[in-house]
There are 2 protein chains.
Amino acid sequence: MAAVVGRSEGSSVPRSADVARLAGVSRKTVSRVLNNEPYVSAEARTKVLAAAEELGYRLNQAARTLASGRTGSIGVVALGTVGYGTASLLVHIERAVRDAGYALRVVNTPDGDPAGIAGAVESLLEQGVDGFIVSEPIVEGDVSVRVDVPVLFLGAPPAFTATRTVTVGVGAHELARAATEHLLDLGHETVHHLAGPRRWYATKDRIEGWRAALAARGAHEPPLLNGDWSAASGYAAGRALAPDRSVTAIFAAGDEMAIGLIHALREAGRRVPEDISVVGFDGNPVFAYVSPPLTTVRQPFEAAAREGIRLLVHAIEKPDTDLPQASDAPVELVVRGSTAPPPSHPDTADTRTA
Amino acid sequence: MAAVVGRSEGSSVPRSADVARLAGVSRKTVSRVLNNEPYVSAEARTKVLAAAEELGYRLNQAARTLASGRTGSIGVVALGTVGYGTASLLVHIERAVRDAGYALRVVNTPDGDPAGIAGAVESLLEQGVDGFIVSEPIVEGDVSVRVDVPVLFLGAPPAFTATRTVTVGVGAHELARAATEHLLDLGHETVHHLAGPRRWYATKDRIEGWRAALAARGAHEPPLLNGDWSAASGYAAGRALAPDRSVTAIFAAGDEMAIGLIHALREAGRRVPEDISVVGFDGNPVFAYVSPPLTTVRQPFEAAAREGIRLLVHAIEKPDTDLPQASDAPVELVVRGSTAPPPSHPDTADTRTA
DNA sequence: TTGAAAGCGCTAACAA
DNA sequence: TTGTTAGCGCTTTCAA
């Protein structure tokens with residue numbers, strides 16, 4: 001058998017050894033260049049890069065991970081619901097993760113129960129991630145997993161303990177409060193609340209903000225309604241609420257529920273915003289184009305994702321230093337056409353909060 | 001230094017060797033059990049599983065990948081837009097991938113140009129995937145990457161060559177055709193089309209379906225309008241179209257554009273559906289709760305994702321056998337309140353296609 | 001500034 | 001049915 005000199009036999013995929021050979025350096029030098037390590041001469045760097053390019057060399061991440069312990073990946077466990085909010089958050093997370101130089105692994109856990117979350121985390125850890133994000137989990141019991149990487153809880157408090165825990169909220173409490181106050185400012189005596197499903201953390205958060213606003217003004221707290229985020233559930237709530245003439249203002253925990261709510265109200269002969277005002281929650285821009293255009297509160301998905309990933313990456317890369325300060329996103333109330341003064345104060349025409 | 005017997009020193013993470021030792025078998029047997037390979041006695045299997053459980057053993061995927069060549073991951077390159085359609089598709093992809101026993105890696109390429117797609121694919125390949133999905137790419141020039149794993153093109157034709165290529169459509173052509181025919185069936189002389197951005201494949205597909213329907217009925221083809229999928233762009237198109245009294249039916253390539261369109265039309269004093277009928281595209285359920293409820297065509301996201309992943313996994317796991325037959329999802333027209341006979345035929349009250 | 005050797009934790013091929 | 005041996009392709013010592 002003839003010796004094959006100069007390169008691996010066949011046309012197999014190039015390895016770092018092939019690059020080293022072509023560049024006339026050692027494999028370690030190739031590794032140094034590819035990892036941007038110091039102590040490499042400019043000349044060596046140039047040669048290595050040229051050789052890698054010529055060969056079409058592609059680094060083998062699995063090998064790197066095995067040798068170094070770092071995976072270059074960040075995972076996200078989400079609920080897998082299809083809504084403007086969750087979709088928007090995921091897109092911004094992907095973007096921030098990519099910008100930080102990491103790859104993204106996604107696992108959904110539709111039920112969001114502790115066992116589901118634990119399983120999702122387990123699979124992420126097995127696949128290999130340097131850290132991960134738990135996005136808007138459902139709170140209900142303890143999640144027990146052994147976690148030895150930093151974890152970012154986005155939009156919710158820690159659901160389990162980990163090496164290093166970062167929490168970034170989306171300001172739901174303040175947003176809910178602002179939405180409620182907007183209605184109160186318009187002159188409504190009190191504000192009803194159509195909340196999300198009981199098990200969700202996001203639901204509790206908004207309820208608390210709503211309560212706080214009511215309490216601060218000494219307004220009485222009407223009974224709560226729960227939907228499931230869908231327009232259909234908002235519609236059902238609207239049918240229940242419509243006959244009650246004392247209802248003049250409703251804060252829905254999601255834009256889609258608000259849309260369903262308005263639809264039911266109008267079908268029942270109640271005008272929006274003349275008889276009843278409705279404000280949503282999320283900020284999906286499409287609802288500026290329905291009748292009436294929906295007044296809502298905008299969730300700072302992009303800011304929260306960026307900020308959260310920044311902190312997570314810091315925790316991964318500089319485990320010994322303190323976490324930088326998390327900055328809060330500003331509260332953004334979007335006043336459109338679904339809110340107005342109550343029928344009893346027909347002339348309080350222009351009170352709005354920004 | 002005293003010899004440490006029976007287990008690795010310290011409380012470090014357990015390895016397969018630790019499991020083997022505790023179970024009293026060889027590492028290879030542990031490997032067999034964990035991979036569900038044949039030729040393992042029930043007794044050995046039980047012991048290994050118990051040992052793994054006791055130790056809290058977590059398989060190291062990087063090591064497995066390096067040794068076996070299989071990654072257990074599937075990648076998806078998407079556009080990273082926030083819409084009901086893309087979000088819905090991604091959720092169903094994640095679900096199907098997980099059900100097939102794979103992990104999911106996500107890379108977005110917001111621009112969708114060949115260089116962006118190539119970069120996204122490159123990063124996926126480097127991270128390690130056994131196959132990947134290119135979802136609704138933008139067509140415009142050639143993507144040049146060396147791809148040696150199967151690729152699934154979802155909702156679009158192959159944009160580059162790979163070892164094994166699978167294409168699964170969402171039936172956009174038929175759906176667009178059905179939407180247009182529904183309008184024609186109602187008695188409209190012709191149907192205008194508000195298309196998506198020119199560069200998108202999805203745009204072309206829908207245009208062709210619309211054209212086909214028009215041609216089949218001998219209807220004349222009005223000039224095309226292009227939006228960017230947003231409600232705002234639909235609104236702009238609506239303002240442009242409203243003054244033209246000959247327009248009585250419009251097919252919008254997306255639900256959100258349809259919503260914006262309707263808003264502009266009404267603002268301009270044209271009634272929907274009495275004066276102008278509008279049909280959307282996607283099937284977002286929330287638009288059943290706006291006024292008028294939107295007639296639309298439902299994209300079979302779940303079916304397409306399931307079917308596509310099934311074929312992709314087949315191509316990955318059984319590279320030598322033929323691909324099973326791809327089955328088409330049924331066309332689903334959702335007739336709601338935004339379509340009606342044209343003003344000139346006030347009594348053709350009930351013609352609908354299913 | 002560079003290189004040689006020794007693994008990272010697993011599976012493949014083979015032998016028993 | 002089981003175990004042994006030899007890597008997978010990279011990074012990490014450590015020495016030069």
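It should be emphasised that the depicted structure is a prediction, and the values quoted were computed from it without experimental measurement. Note: hydrogens, waters and symmetry copies are ignored here, and every other heavy atom, side chains too, is used. Just so it is clear: chains get the letters A, B, ... in the order the sequence lines come, proteins before strands, and each one is counted from 1.
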Sugar-phosphate only, base, or nothing, as touched by B:A62 at under 4.0 Å among non-hydrogen atoms:
nothing

May I ask you to say what A:R70 touches in the nucleic acid, namely base, sugar-phosphate or nothing, with a heavy-atom cut-off under 4.0 Å?
sugar-phosphate

So does [X] get a side-chain nitrogen or oxygen closer than 4.0 Å to the phosphate oxygens (OP1/OP2) of [N]?
X	N	answer
B:N35	C:dT11	yes
B:S26	D:dT2	no
B:S16	C:dC10	yes
B:Y57	C:dC10	yes

Any donor-acceptor pair under 3.5 Å linking the side chain of B:T29 with the backbone of B:V25?
no

Could you tell me how far apart [X] ([atom1]) and [N] ([atom2]) are, to the nearest whole angstrom?
X	N	atom1	atom2	value
B:R27	C:dG9	CZ	P	10 Å
B:Q127	D:dC10	CD	C1'	14 Å
B:R15	C:dC8	CZ	P	9 Å
A:Y39	D:dA16	OH	C1'	16 Å
A:R45	C:dT2	CZ	C1'	13 Å
B:K47	D:dG3	NZ	P	8 Å
B:L59	C:dC8	CG	C1'	14 Å

Do B:S73 and A:R105 have side-chain atoms, one donor and one acceptor, less than 3.5 Å apart?
yes

Any carboxylate oxygen within less than 4.0 angstrom of a Lys/Arg side-chain nitrogen, looking at A:D113 and A:R199?
no

Check this for me, if you would: do B:R21 and B:D18 make a salt bridge, where the nitrogen-to-carboxylate-oxygen distance has to be below 4.0 angstrom?
yes

B:K28 side chain, from C-beta outward: closest of D:dT12, C:dA12, D:dT1
C:dA12

Side chain A:R58 and base D:dG9 donor-acceptor under 3.5 Å
no

Centroid separation under 6.0 Å, is that true for the rings of B:F160 and B:F153?
yes

Quick check: on DNA chain D, is the nucleotide nearest B:L66 upstream (toward 5') of the one nearest B:T29, or the reverse? Name the residue that is more 5'.
B:T29

